[in-house]
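None of the values given here were measured: they were computed from a predicted structure.
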Amino acid sequence: MTILFYILAALAGAAIALAIYIFLHKRALNGRKEQILEKAEMEAENIKKEKMLQAKEKYLQLKSEHEQYVNEKNAQIKDGENRIKQKENSLNQKNEDLNKKLRDADSAKQSYIAQKENLERKADEYEKLTAQVNKQLEAIAGMTAVEAKNVLMENMKAEARTEAQAYINDTMDEARLNAAKEAKRIVINTIQRTATETAIENAVTTFPIENDEIKGRIIGREGRNIRALEAATGVEIVVDDTPDAILLSAFDPVRREVARLALHQLVVDGRIHPARIEEVVTKVQKQLEDEILETGKRTCIDLGIHGLNIELVKLIGRMKYRSSYGQNLLQHSREVANICAIMASELGLNPKIAKRAGLLHDIGKVSEMDPELPHAMLGMKIAEMYKEKPEICNAIGAHHEEVEMTSIIAPLVLVGDAISGARPGARREVIESYIKRLKGMEELAAAYPGVTKSYAIQAGRELRVIVGAEEVSDDAAARLSGDIAQKIQEEMTYPGQVKITVIRETRSVAYAK
């Protein structure tokens with residue numbers, strides 16, 4: 001009983017304690033809620049005040065901007081009114097000035113009419129007086145006014161003719177004297193400004209070697225390397241007792257250069273045999289073509305000449321390996337170009353056209369087209385083919401007076417060519433005739449069927465002719481040498497005797513794959 005009582009008492013106490021806790025907690029929650037509501041009301045009041053302040057500031061700002069905009073518009077309207085008033089005043093002033101000018105013009109017109117009437121009266125009086133004077137003069141002189149006028153005119157014409165002829169004679173004499181002096185001055189000045197070293201070409205190139213062992217390798221077994229090199233290049237290779245040197249002899253500078261470069265590569269490479277020789281010679285010929293093109297381009301750049309066709313540039317590069325009467329053709333052409341440009345500048349002509357014509361004047365000498373034409377005519381034909389200007393083409397064709405000169409540049413090229421070639425030591429006539437004879441000998445042999453190459457060596461004392469083995473038999477090769485010898489005897493003039501060697505080789509080539 002007692003335990004039950006205690007349990008019930010404990011439960012009643014716990015219930016009372018729980019009720020008290022719930023009451024107190026609810027009261028605390030109500031108090032906290034009131035605090036939150038008060039705080040929220042305070043924050044809302046603050047936000048309201050802040051927004052009202054911001055709205056007030058925005059209103060004041062917009063009001064200020066509006067007032068400023070209104071003031072600016074008012075100022076613009078006022079400026080516009082002022083400008084309109086100024087224009088109105090200006091128009092009123094111009095109107096007044098125009099009215100004044102009209103009044104002045106009317107008065108001037110009236111004055112002009114009065115002066116015109118006065119002049120007409122005076123003219124009538126003058127004519128009457130002139131008629132009276134003429135009548136009196138006719139009575140005194142015994143001739144009419146027309147007759148007197150004619151006599152006076154004839155006398156004045158005769159006097160004028162005499163004075164004019166005398167003046168013309170004096171002027172022409174002075175012009176001749178001045179022209180002669182000016183021409184001498186221009187030519188002398190041009191020669192002095194373009195003076196260059198003489199450039200005489202020879203027909204022999206010396207190839208240096210280190211020792212006799214290399215010389216023996218170049219000769220090869222029983223001279224086969226020498227023969228292969230001579231057949232491939234057309235250059236006579238002279239190997240004698242001269243220490244540390246081999247001589248390359250040929251009248252064509254291009255062949256000598258090919259032989260020199262090929263020998264250099266062969267010696268550096270160390271492999272010297274006929275097949276390698278032909279391979280290197282072919283490669284060097286291609287390299288030399290590239291070098292010729294580069295030489296032409298560099299020459300055009302040095303002289304300031306642009307727009308040339310690439311084929312003309314190649315011909316200019318080939319001039320480096322061509323001589324004219326012993327004078328290097330490229331140096332001669334450069335010199336002529338500079339001479340023509342200087343003289344053109346002195347005479348007030350276009351120096352660029354003159355320089356272009358001077359550089360191209362001898363391109364016919366290095367071209368292989370139509371060898372029957374004179375080089376000036378051939379050069380003109382080539383220039384026309386590559387669309388050069390007519391005055392340049394005419395200057396090229398007329399620099400040896402083989403065609404009529406139709407441009408003012410043509411005489412300059414003629415004179416420049418003569419000045420460059422006439423310098424002491426510039427040319428050797430014997431060399432040119434010698435080279436022409438050797439070329440003629442090669443062309444004579446090359447005209448026969450089956451001939452692939454022909455080379456004149458040993459200063460023209462030997463002619464080597466290479467024929468195709470498929471086209472020419474051994475018997476035909478023997479007959480060919482005799483035919484060529486007979487034709488040379490009949491058509492050419494030469495000292496001593498010429499040995500004709502016909503070479504016929506059969507080659508068999510196979511490839512292991």
Side-chain angles (χ1 to χ4, degrees), residues 178-199 294-320 322-325 327-366 375-376 379-380 382-384 386-403 405-424 426-427:
N178 291 336
K181 290 181 178 178
E182 185 67 12
K184 291 178 182 178
R185 183 191 69 79
I186 291 173
V187 171
I188 292 172
N189 185 35
T190 302
I191 293 173
Q192 290 175 343
R193 288 177 61 183
T194 58
T196 59
E197 297 180 359
T198 57
E294 184 62 28
T295 300
K297 290 180 178 178
R298 189 165 56 248
T299 301
C300 294
I301 292 172
D302 292 343
L303 294 176
I305 296 174
H306 307 286
L308 278 176
N309 187 282
I310 191 66
E311 296 301 325
L312 290 178
V313 175
K314 290 180 181 178
L315 291 177
I316 291 171
R318 289 186 67 84
M319 290 181 183
K320 179 181 177 182
R322 174 72 162 82
S323 62
S324 176
Y325 296 98
Q327 185 181 22
N328 183 272
L329 192 59
L330 181 58
Q331 295 299 327
H332 166 65
S333 298
R334 289 173 65 110
E335 190 175 34
V336 172
N338 289 322
I339 289 172
C340 292
I342 293 170
M343 289 195 294
S345 298
E346 293 285 344
L347 296 171
L349 303 175
N350 189 333
K352 292 185 178 181
I353 294 179
K355 184 181 289 186
R356 196 183 189 100
L359 179 63
L360 298 175
H361 80 284
D362 268 348
I363 56 173
K365 289 186 176 181
V366 293
H375 76 274
M380 180 177 69
I382 294 170
E384 291 173 348
Y386 295 118
K387 310 301 183 199
E388 287 296 315
K389 293 182 178 179
E391 55 265 38
I392 293 177
C393 297
N394 178 254
I396 295 172
H399 79 274
H400 285 315
E401 298 182 291
E402 290 169 335
V403 297
M405 295 183 183
T406 58
S407 68
I408 193 65
I409 300 297
L412 297 184
V413 177
L414 186 149
V415 173
D417 181 51
I419 291 173
S420 176
R423 289 185 293 101
R427 293 184 170 184

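- In this structure, Val413 and Ala395 approach most closely via the heavy-atom pair CG2-CB, 3.8 Å.
- Listed here is the closest heavy atom pair of Ala337 and Leu303: CB-CD1, 4.2 Å.
- Taking the charged nitrogens against the carboxylate oxygens, Glu311 and Lys314 do have a contact shorter than 4.0 Å, which makes a salt bridge.
- The minimum heavy-atom distance linking Ala376 with Glu402 is given by the pair CB-OE1, 3.3 Å.
- Proximity of Leu360 to Leu315: side-chain heavy atoms (C-beta onward) are nowhere separated by under 4.5 Å.
- Side-chain contact between Ile409 and Cys340 is absent, with no heavy-atom pair separated by less than 4.5 Å.
- When all heavy atoms of Met343 and Val415 are compared, the pair lying nearest together is CE-CG1, 4.0 Å.
- With Asn394 contributing its side chain and Thr406 its backbone, the two residues share a donor-acceptor pair below 3.5 Å.
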Residue pair Leu330, Arg318: steps toward the side chain to side chain contact (heavy atoms under 4.5 Å, CB included) verdict: CA-CA 8 Å; Leu330 181 58; Arg318 289 186 67 84; over 6 Å; no

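- With contacts defined as side-chain heavy-atom distances shorter than 4.5 Å, the pair Met319/Arg334 does not qualify.
- For Asn338 (side chain) and Lys355 (main-chain N/O), no donor-acceptor pair under 3.5 Å exists by modelled atom type.
- Put simply, the side chain of Arg356 gets close to the backbone of His306: a donor and an acceptor are under 3.5 Å apart.
- In this structure, the side chains of Val313 and Thr299 stay at 4.5 Å or more apart for every pair of heavy atoms.
- Taking SG of Cys393 as the start and CD of Glu384 as the end, the distance is 5.0 Å to the nearest 0.5 Å.
- By the 4.5 Å heavy-atom criterion applied to side chains, Asn309 and Lys387 are not counted as neighbours.
- In this structure, the side chain of Asp362 does not engage the main chain of Lys365 through any donor-acceptor pair within 3.5 Å.
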Walk me through whether Glu388 and Met380 qualify under side chain to side chain contact (heavy atoms under 4.5 Å, CB included). CA-CA 9 Å; Glu388 287 296 315; Met380 180 177 69; over 6 Å; no

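- Contact check for Leu312 versus Ile363: side-chain heavy atoms found under the 4.5 Å cut-off.
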Working note: Leu308 + Lys297, criterion side chain to side chain contact (heavy atoms under 4.5 Å, CB included); need CA distance, chi angles, decisive distance, verdict. CA-CA 9 Å; Leu308 278 176; Lys297 290 180 178 178; over 6 Å; no

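- No more than 12 heavy-atom neighbours from other residues, nucleotides or ligands sit within 6.0 angstrom of CD1 on Ile408.
- Residues Leu359 and Val336 fail the side-chain proximity criterion, which asks for heavy atoms closer than 4.5 Å.
- Using a 4.5 Å cut-off on side-chain heavy atoms (C-beta onward), Ile396 and Ile382 make no contact.
- With ring centers used as reference points, His332 lies under 6.0 Å from His361.
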